[in-house]
Protein chains: 4
Amino acid sequence: MFIQLDLESAEPIYIQLQHQIIEGIAKKKLLPGDSLPSVRSLASDIGVNLHTVNKAYKQLKQDGYILIHRQKGVVVNPEGVPKADNSYRELLAKNLRPYIAEAVCRGFTEEEFIQTCKQIYSNFNERGE
Amino acid sequence: MFIQLDLESAEPIYIQLQHQIIEGIAKKKLLPGDSLPSVRSLASDIGVNLHTVNKAYKQLKQDGYILIHRQKGVVVNPEGVPKADNSYRELLAKNLRPYIAEAVCRGFTEEEFIQTCKQIYSNFNERGE
Amino acid sequence: MFIQLDLESAEPIYIQLQHQIIEGIAKKKLLPGDSLPSVRSLASDIGVNLHTVNKAYKQLKQDGYILIHRQKGVVVNPEGVPKADNSYRELLAKNLRPYIAEAVCRGFTEEEFIQTCKQIYSNFNERGE
Amino acid sequence: MFIQLDLESAEPIYIQLQHQIIEGIAKKKLLPGDSLPSVRSLASDIGVNLHTVNKAYKQLKQDGYILIHRQKGVVVNPEGVPKADNSYRELLAKNLRPYIAEAVCRGFTEEEFIQTCKQIYSNFNERGE
DNA sequence: GTGGTCTAGACCACG
DNA sequence: GTGGTCTAGACCACC
């Protein structure tokens, strides 16, 4: 796997795990229907607790990124990730708000901010790493 | 004060407080040199413990938003907030990354995302709420 | 632990704690990667409140002396303490200035002062106390 | 007067005042027998509270730097500042210790440290500002 | 009256 | 069991 964790970060490991897997999907390294390692094997691969991987998987399942079958294991949702809906849009706006408020305070212009976003977007639209 | 907290939120109160005050500065409701309520009065106003307010203030002080005088109380940094530097830019990019990864997965296009940002930006550039 | 506090001192306990731990690192009693007691166990060991220890640890973390892992506890920074930079030098000079001014007034010569410093330095370069 | 205060410093104003006056004596800007402004006039000159100046003066008096006559006002001790004694030496060593411990941790060598001290000493041995 | 420090005790997130 | 957060209430230094 391509998972890279920072065990010293203040960000909980299970959140980092979620982010890494979502990035993998965004970058098309993980395609709909692809299977993911089992909780057990992933946990041992990256050296974290079973519960931690489990928590990340559960959250990803609830958000529609993956399916967890008791026998077949874990797969990326074959039907793709649920599309953006209104509640997503609201949540996103709410989450971005503090970052933009800070940017305004620090004199970081709208153009610069958007440039930053575009650059990150471009990371995801290229193929491969 | 204009502070509005969601005590049910998973987001710690002191973080919400920071965000609210940063928004106040971004919206020019709070100008450089303006004084903020004392720890105790703000705490009693919004119905939280004095230490919670104190924690928010200390963090804001460290980030350069406010100054804390031992006796005179708390004021918005008269010299303005420190400008965006490289470490800020890096941190911002790192923070935005997961949101953009999720947006990509959900088919939320770059244009839509930027539109969302612009709308939030416009909130801060108008006067008043 | 080797921590020795003076509860009667005007110096806040959390500052004394910081100093003691920094001395421990300076004397190589604590090596990079060594783990420190948990907040709670140290607090109970030395008979102070958990928050007092926490405050000392947070400050030491911010100054780069230690790392705080959410679960694994507290360790001395495995990469060593950040080296002296210009801002450190300036701060040191600013802090020493009043002591030297007083020494000048009291007829304590430069040679005597330096001798005092050297003697303290020698405390840290030997092994053990 | 040559007093320069930083009202935003965490260091109490009365301590800053003491330091400035001690520096003045160390630099021979204030000579034994010279008179200092009254509490009232100094307070109004530098824009601080009467109590603050009073506290600084009282402490300076107790340390032997100045004399306070009810009528004649405040003068620099005509007999000079009490010479360094053992208790002074011990206190100095105790105060310097944390700075040296930090220096050791940061790889600031004894030579560099002494160089820093010498430079500060040289500030005081020149005449005038 | 202000912020700074300390105590005591509670609940939660994390692994 | 670990640190993170929050509350409640106390005393002190400062001005």
Side-chain angles (χ1 to χ4, degrees), chain A residues 5 7-17 43 46-56, chain B residues 5 7 9-17 35-44 46-59 61 66-75, chain C residues 5 7 9-17 35-44 46-59 61 66-75, chain D residues 5 7-17 43 46-56:
Chain A
L5 301 177
L7 298 180
E8 292 169 11
S9 163
E11 194 162 41
I13 295 175
Y14 83 97
I15 299 278
Q16 293 184 47
L17 248 176
I46 59 183
V48 303
N49 194 293
L50 282 180
H51 297 353
T52 307
V53 176
N54 205 25
K55 189 162 187 176
Chain B
L5 299 179
L7 300 179
S9 164
E11 197 164 37
I13 295 175
Y14 79 95
I15 298 280
Q16 293 183 49
L17 250 174
S35 64
L36 272 68
S38 77
V39 172
R40 281 172 176 77
S41 72
L42 180 52
S44 92
I46 60 184
V48 303
N49 188 279
L50 132 185
H51 292 114
T52 306
V53 175
N54 203 16
K55 193 166 186 177
Y57 274 1
K58 271 190 180 164
Q59 186 64 47
K61 175 191 173 189
I66 63 175
L67 300 181
I68 302 179
H69 295 79
R70 223 180 259 273
Q71 310 314 327
K72 290 191 289 177
V74 180
V75 299
Chain C
L5 300 178
L7 301 180
S9 165
E11 196 163 40
I13 296 176
Y14 79 95
I15 299 279
Q16 293 183 49
L17 249 175
S35 64
L36 272 66
S38 77
V39 172
R40 280 171 176 76
S41 72
L42 180 52
S44 93
I46 60 185
V48 302
N49 188 279
L50 133 185
H51 292 115
T52 307
V53 175
N54 204 15
K55 191 166 187 177
Y57 273 1
K58 272 190 180 164
Q59 186 64 45
K61 174 192 174 187
I66 63 175
L67 300 181
I68 303 180
H69 295 78
R70 221 179 261 274
Q71 310 313 328
K72 289 190 290 175
V74 180
V75 299
Chain D
L5 300 178
L7 299 180
E8 293 170 10
S9 163
E11 195 162 39
I13 294 175
Y14 82 98
I15 298 278
Q16 293 183 49
L17 247 176
I46 58 183
V48 303
N49 194 292
L50 282 179
H51 297 353
T52 308
V53 176
N54 204 24
K55 188 162 186 177

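Throughout, protein chains are lettered first and strands after them, A, B, ... in sequence-line order, and every chain is numbered starting at 1.
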| request: State, yes or no, whether a side-chain contact exists between C:Tyr57 and C:Pro37 at a heavy-atom distance under 4.5 Å. | output: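 SC-SC contact between C:Tyr57 and C:Pro37 confirmed.
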| field | B:Asn54 side chain near E:dG4 phosphate (N/O to OP1/OP2, under 4.0 Å) | value |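 Answer yes for this pair, as a side-chain N or O of B:Asn54 is under 4.0 Å from OP1 or OP2.
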Atom-pair distance ([atom1] on [X]; [atom2] on [N]), nearest Å:
X: A:Glu8; N: E:dG15; atom1: CD; atom2: C1'; result: 16 Å
X: C:Ile66; N: F:dT2; atom1: CD1; atom2: P; result: 15 Å
X: A:Leu5; N: E:dG15; atom1: CG; atom2: C1'; result: 13 Å
X: C:Lys58; N: F:dG3; atom1: NZ; atom2: C1'; result: 9 Å
X: B:His69; N: E:dG3; atom1: NE2; atom2: C1'; result: 12 Å
X: A:Gln16; N: E:dA13; atom1: CD; atom2: P; result: 18 Å
X: D:Leu7; N: E:dT2; atom1: CG; atom2: P; result: 19 Å
X: C:Leu42; N: E:dT7; atom1: CG; atom2: P; result: 12 Å

| Strand DNA chain E in bracket notation, Watson-Crick/G-U under 3.5 Å with | for pairs to another chain | ||||||||||||||.
Starting at [atom1] of [X], measure out to [atom2] of [Y] and round the result to the nearest 0.5 Å.
X: A:Ile13; Y: C:His69; atom1: CD1; atom2: NE2; result: 9.0 Å
X: C:Ile46; Y: C:Leu17; atom1: CD1; atom2: CG; result: 4.0 Å
X: B:Asn54; Y: B:Lys61; atom1: CG; atom2: NZ; result: 10.0 Å
X: C:Lys58; Y: C:Ile66; atom1: NZ; atom2: CD1; result: 11.5 Å
X: C:Leu5; Y: C:Ile15; atom1: CG; atom2: CD1; result: 12.0 Å
X: B:Leu67; Y: B:Lys72; atom1: CG; atom2: NZ; result: 9.0 Å

| request: Could you tell me which non-hydrogen atom of A:Leu50 sits nearest to which non-hydrogen atom of A:Ala43, and how far apart they are? | output: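 The answer is CD2-CB, 3.8 Å.
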| message | Can you say whether a donor on the side chain of B:Arg40 sits under 3.5 Å from an acceptor on the base of E:dG1, or the other way round? | response |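 Side chain to base: no pair below 3.5 Å.
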All N/O pairs under 3.5 Å across the protein-nucleotides 13-15 of chain F interface:
residue : atom : partner : partner atom : Å
F:dC14  : OP1  : D:Tyr14 : OH           : 3.2
F:dC14  : OP2  : D:Tyr14 : OH           : 3.1
F:dC14  : OP2  : D:Lys55 : NZ           : 2.8
F:dC14  : O2   : B:Gln71 : OE1          : 2.7
F:dC14  : O2   : B:Gln71 : NE2          : 3.0
F:dC15  : OP1  : D:Ile13 : N            : 2.9

| field | Pairwise 5' ranking along DNA chain E for B:Leu36 and C:Leu50, keeping only the more 5' one | value |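 Nearer the 5' end of the strand: B:Leu36.
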| field | Given DNA chain F, 5'-ward residue of the pair C:Val74 and B:Gly47, judged by closest heavy atom | value |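 On the 5' side of the pair lies C:Val74.
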